[in-house]
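Remember, it's 1-based here, ligands and their atoms both numbered in the order they're listed.
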Amino acid sequence: MQINNHERINVDDRNLCKLAISELSSIYSEIGLSQEELDLLDMPRRSFIVHFPVRMDSGKIKMFVGYRVHYNDARGPAKGGIRFHPELTLDHVKDLSFLMALKCAVVNIPFGGSKGGVVVNPKELSRNELEQVTRGYIRAIANYIGPFIDIPAPDVYTDENIMVWILDEYERIKREHVFAVVTGKPVDLGGSKARSYSTSLGGIYVLEEAMKRMDMDKFEVSIAVQGFGNVGENAARILHEKGYKVIAVSDSKGGIINKDGLDIKAVMEHKLITGSVVDFKESCNITNEELLTCECDILIPAALSDQLNSANANDVKAKMVMELANAPTTREADNIFFDKKIILIPDVLANAGGVVVSYFEWIQNLNNDYWEEDKVLERLKKTMIIAYNEIHSLCDEKNCRMRKSAYQLALNRILHAEKLRGNL
Ligand code: NAD
């Protein structure tokens, strides 16, 4: 199973939650929410704590604790990942489930928000133990998930193999096929085409729409991408294939730059052989700090949180920043960019392409009708562009940052659904 740097991702999540919550509290006071609305948004609808036994390879039984939180499901079944992490807490799961509700509302897909997971370090488990933990957790929460209740997906330390165990265990309990109970499955077992690169491509569709508004010419702009993992590498590759000039990329070991544009396919091969983008032959090495402040038109942070901060924001030369990573820009840097008229496309919109294609996977499962890649991409594009334009219009109207408009739009949608249901 593919295991990323889980400590980093967990820290990223905490920053994301902190930023979102501070942004939300200022929106709450600006739009003047009633006490009833505040109360409704303040607490999750349902939080489950489960304890379940697993027989370990030693033959001994060990108890595990798992969580599942449905933050809000006024707009549709709850949707959110399952993570396996030794430091998982119920509070963190609650925050993340709220962010999922907001993200689904930003791109206007008919889902609420949820999150869950098991307190475990999967690195310490054998493959068999990992499977037994997954199956034990699903048996414990089976009554609280389902295609029209709550639909899990991969998250930190869980992958498509684990999604298959989830599917299989749930189907054993229900004694029928229920592909739509979980997304992020392999294409050969109910998964959707294009899901693996949907986060990056969704961001690029938004970027292209923003460029149109700014009259930026595709063949004249230069782009720098920080991070060369799943999201950054796919973004650089797709941009290169579309004919954009990607002049700089980086990973944890450092960055490279070539003002005439990098051959991203060759950089990918170089990384496969050497383990890093550094020392690629047709480029000069730079530091990650230099990448962030290099001469370019578009900057795409796709690695870590807090990369753009009060120490470097004034030196950023890009005209546009697209946050494919979660929370790469601090509040201070966000304000500096707004003053400098640098367009910032916020994470809650820019990296929502993954959950949009999860929604398409769910639709395909329910209809037992599987789409060609072209259809997935066409619908992803449409969804992302509509979301961008709605947020942009709200920004124009209020003269505010795109992050604020995105959250405001999401809150309005959730509260409106609650009102229609008679809960407000
Ligand atoms: P990943 O682990 O696959 O890749 C991370 C990349 O960042 C690696 O290339 C790593 O070398 C690089 N990196 C680490 N430290 C760095 C540093 N100091 N400077 C520059 N690069 C550094 O992770 P990913 O899945 O690509 O996720 C990247 C970001 O996107 C994270 O913030 C994640 O939360 C967010 N995100 C990912 C998805 C997804 O679908 N994978 C969806 C939404 C948001």
Side-chain angles (χ1 to χ4, degrees), residues 1-17 19-20 79-81 83 85 96 99-100 102-104 106-107 115 153-160 163 183-184 192 194-204 206 224-238 248-257 264 267-268 270-272 274-278 285-294 299-309 312 322-329 345-358 361 380 384:
M1 120 167 155
Q2 196 192 349
I3 292 187
N4 292 326
N5 179 344
H6 67 285
E7 287 83 6
R8 170 182 69 68
I9 293 180
N10 220 32
V11 169
D12 273 6
D13 277 340
R14 286 186 200 288
N15 287 334
L16 180 65
C17 293
L19 270 176
K79 180 96 192 80
R83 68 175 50 185
H85 195 282
L96 291 169
L99 291 180
M100 275 307 293
L102 293 169
K103 189 176 272 195
C104 292
V106 164
V107 284
K115 206 76 171 191
D155 196 85
V156 176
Y157 266 15
T158 56
D159 60 8
E160 62 175 29
M163 299 307 113
T183 61
S192 177
R195 191 178 186 278
S196 58
Y197 58 90
S198 52
T199 301
S200 310
L201 185 58
I204 291 169
V206 167
V225 182
Q226 187 200 36
F228 212 66
N230 179 317
V231 175
E233 181 176 317
N234 273 316
R237 175 185 60 78
I238 297 166
V249 297
S250 69
D251 58 35
S252 58
K253 302 204 174 108
I256 51 172
I257 192 163
I264 297 296
V267 175
M268 287 164 69
H270 173 82
K271 194 187 166 188
L272 211 58
T274 66
S276 170
V277 298
V278 174
N285 286 341
I286 50 170
T287 63
N288 261 299
E289 197 51 40
E290 285 166 341
L291 179 138
L292 297 172
T293 55
C294 74
L299 176 62
I300 304 183
L304 305 173
S305 68
D306 287 352
Q307 294 301 291
L308 298 162
N309 46 49
N312 61 12
M322 179 174 67
E323 296 184 328
L324 281 185
N326 277 326
T329 312
I345 305 172
D347 48 12
V348 68
L349 168 67
N351 67 31
V355 73
V356 172
V357 174
S358 277
E361 181 176 335
L380 173 65
M384 298 304 293

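- Among Asn230, Val156, Val355, Thr199, the residue whose heavy atom lies nearest to atom 40 (O) of ligand 1 is Thr199.
- Checking side-chain atoms of Ser250 against main-chain N and O of Gln226 turns up no donor-acceptor pair under 3.5 Å.
- Around atom 7 (O) of ligand 1, the closest heavy atom drawn from Ala303, Ala352, Gly275 belongs to Ala303.
- Listed by number with element, the atoms of ligand 1 under 4.0 Å from a non-hydrogen atom of Ser250 are 20 (C).
- Taking any N or O of Phe228, backbone or side chain, at least one lies under 3.5 Å from an N or O belonging to ligand 1.
- The residue from Arg195, Glu361, Lys79 that alone fulfils the side-chain hydrogen bond (donor to acceptor under 3.5 Å, both in side chains) condition with Thr183 is Lys79.
- Within the structure, ligand 1 lacks Gly354 among the residues with a heavy atom less than 4.0 angstrom away.
- Every atom of ligand 1 with a heavy atom of Ala302 under 4.0 Å away is listed here by number and element: 28 (C).
- Side-chain contact check for Lys103 versus Asn351: some heavy-atom pair is nearer than 4.5 Å.
- Residues Leu292 and Leu299 have side chains in contact (heavy-atom distance under 4.5 Å, counting atoms from C-beta outward).
- For the residues Val231, Val348, Asp347, the heavy atom positioned nearest atom 41 (N) of ligand 1 is part of Val231.
- For the pair Val355/Cys104, a side-chain contact is recorded, criterion being any heavy-atom separation below 4.5 Å from C-beta on.
- Within the 4.5 Å cutoff, the side chain of Met384 has heavy atoms near those of the Val107 side chain.
- Tyr157 is not listed as a side-chain neighbour of Arg83, based on a closest heavy-atom distance of 4.5 Å or more.
- At a 3.5 angstrom cut-off on N or O pairs, Lys103 does not count as close to ligand 1.
- Which parts of ligand 1 touch Gln226 is read off a 4.0 Å heavy-atom cut-off, strictly below it: atoms 19 (N), 20 (C).
- Partner of Glu323 under the side-chain contact (heavy atoms from CB on, under 4.5 Å) criterion, chosen from Ile300, Leu349, Thr329: Thr329.
- Neither the backbone nor the side chain of Lys253 has any atom closer than 4.0 Å to an atom of ligand 1 (non-hydrogen atoms only).
- Taking a cut-off of under 4.0 Å to the non-hydrogen atoms of Ala325, the atoms of ligand 1 that pass are 29 (C), 30 (O), 32 (O), 35 (C).
- Contact annotation: for Leu304 versus ligand 1, heavy atoms closer than 4.0 Å belong to the side chain alone.
- The shortest side-chain heavy-atom distance between Glu290 and Ile257 does not fall under the 4.5 Å cut-off.
- Residue Asn288 touches ligand 1 through its side chain alone, judged by heavy-atom distances below 4.0 Å.
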